[in-house]
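Reminder, nothing fancy here: chain letters follow the sequence lines and each chain counts from 1. As the structure is a computational prediction, the values presented were derived from the model and not from experiment.
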There are 2 protein chains.
Amino acid sequence: MSGAKEIDNLIELMAKLPGLGPRSARRAVLHLIRKRALLLTPLADSMCRVAETARECLNCGNVGTADICDICESEKRATGQLCIVEDVADLWAMERSGVFRGRYHVLGGTLSALDSIGPEQLRIPRLLDRVTSEDISEVILALNATIDGQTTAHYIADQLDGRVRVTSLAQGVPIGGELDYLDDGTITAAMNARKDI
Amino acid sequence: MSGAKEIDNLIELMAKLPGLGPRSARRAVLHLIRKRALLLTPLADSMCRVAETARECLNCGNVGTADICDICESEKRATGQLCIVEDVADLWAMERSGVFRGRYHVLGGTLSALDSIGPEQLRIPRLLDRVTSEDISEVILALNATIDGQTTAHYIADQLDGRVRVTSLAQGVPIGGELDYLDDGTITAAMNARKDI
Ligand SMILES: [Zn+2]
Ligand SMILES: [Zn+2]
């Protein structure tokens, strides 16, 4: 395409990113080459470092650069509340809203009969362990308002029945909506109006 | 945002790419971390290599990995015809159409009184040199069908008047259209129906 193998290879790899097609990948690569010192070199370096250091937190499933993530390690986070999210993007969305000061547990998806995803395929056994071992007083289910999300929420509520207070985000989360698309205010409202299941 | 400095830094850099905002940058980074071996590491390596090797061809202004680009170096390209484009993305679009087998000259923009871009700010002096030294029989103006593009085409045609045949892409280029957005068939039709200025 460009006639230079290395550049064509970079365009091909960039086109594999979500949100970029072949055309925007070509534009992005030309932009990178023009801003070599300011953008291309720092981006390459940053990718190398992240490729070397990124890993899933062994405790909660958040993505970070250590075996136990900063949120799990932090002594400033409240220990009594555990917020359950489907994936890391949802955890980051919760953090941006700034409304929650406890710790998280990332399921890594939702239960789905169709895709044969059961509790063992998610971080649900680990969640049950944490509730026992970490002195949790409240489990807040911040799952997407989709059918699979709500099925998963009810499954977890059943498993924890009687052992701990279980609440869920309520007011403000639109039907069929996904957390990562919501503005911070909506997330805050939903958190403040959470209700017992 | 993620709580890990290296990851936040990567998200910030990715968000500077054209076509990616903060949200799609976060999605892209999570995708990269999940596909570390398959995508993140190869992408980082490819960026490093391109950052080290990419340069503008000293002859035509194309972007490649050598001082003189593969197209200028290739003995298979016809020497008599020179196709003039505004920028490298347009050259790549011409190459994808496969209709042209001569060489290129990338102006690096268009004349613009408003932005005080004159012939000296573009590769126009170099173009005039090439027409003299390279035994060019035809200059094909493949500039965008915008006001600045057409002003630039007429300026170049005036400069070359009588020295060489000057043609321009005609049929098929929509008014106000930009080459890089056209499909290959439209570019081919425009090339085949090119007319003398
Ligand atoms: Zn953690
Ligand atoms: Zn060249």
Among B:Ala66, B:Ser24, B:Gly19, B:Ala28, which residue forms the greatest number of heavy-atom pairs with chain A at distances under 4.5 Å?
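Maximum pair count with chain A is reached by B:Ala28.
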May I ask you to name which of B:Thr53, B:Ile33, B:Thr41, B:Asp87 has the most heavy-atom pairs under 4.5 Å with chain A?
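Option with the greatest count: B:Ile33.
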Let me know if B:Cys48 has heavy atoms under 4.5 Å from chain A in its side chain, its backbone, both or neither.
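When you check distances to chain A, atoms from both the backbone and side chain of B:Cys48 fall under 4.5 Å.
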Which bit of B:Leu10 comes within less than 4.5 Å of chain A, counting heavy atoms only: side chain, backbone, both or neither?
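Interface part for B:Leu10: both.
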Is B:Ile156 linked to B:Val164 within one hydrophobic cluster, defined over Ile, Leu, Val, Met, Phe, Trp and Tyr using a side-chain heavy-atom separation of less than 4.5 Å?
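Yes, same cluster.
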Hey, could you give me the [atom1]/[atom2] distance between [X] and [Y], rounded to the nearest 0.5 Å?
| X | Y | atom1 | atom2 | value |
| --- | --- | --- | --- | --- |
| B:Arg96 | A:Arg23 | CZ | CZ | 8.0 Å |
| A:Trp92 | B:Ile11 | CH2 | CD1 | 4.0 Å |
| B:Glu6 | A:Glu52 | CD | CD | 9.5 Å |
| B:Leu43 | A:Glu12 | CG | CD | 12.0 Å |
| B:Leu17 | A:Arg27 | CG | CZ | 13.5 Å |
| A:Leu32 | B:Lys16 | CG | NZ | 11.5 Å |

Return yes when atom CG of A:Leu58 has more than 12 non-hydrogen atoms of other residues, nucleotides or ligands closer than 6.0 Å, and no otherwise.
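Counting neighbours around CG of A:Leu58, more than 12 heavy atoms of other residues, nucleotides or ligands fall under 6.0 Å, so yes.
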So which of A:Arg55, A:Arg36, A:Met14, A:His31 has the biggest tally of heavy-atom pairs under 4.5 Å with chain B?
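Option with the top pair count is A:Arg36.
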Please find the pair of heavy atoms, one from [X] and one from [Y], that lie closest to each other, and give the distance.
| X | Y | result |
| --- | --- | --- |
| A:Ile7 | B:Ala54 | CD1-CB, 4.5 Å |
| B:Pro18 | A:Leu20 | O-CD2, 4.3 Å |
| B:Ser46 | A:Leu13 | CB-CD1, 3.8 Å |

Under the side chain to side chain contact (heavy atoms under 4.5 Å, CB included) criterion, do A:Asn9 and B:Arg49 qualify, and how do the steps go?
CA-CA 10 Å; A:Asn9 180 41; B:Arg49 284 193 301 269; 3.6 Å; yes
Any side-chain heavy atom of B:Arg34 within less than 4.5 Å of one from A:Val88?
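Yes, at least one pair of side-chain atoms sits under 4.5 Å.
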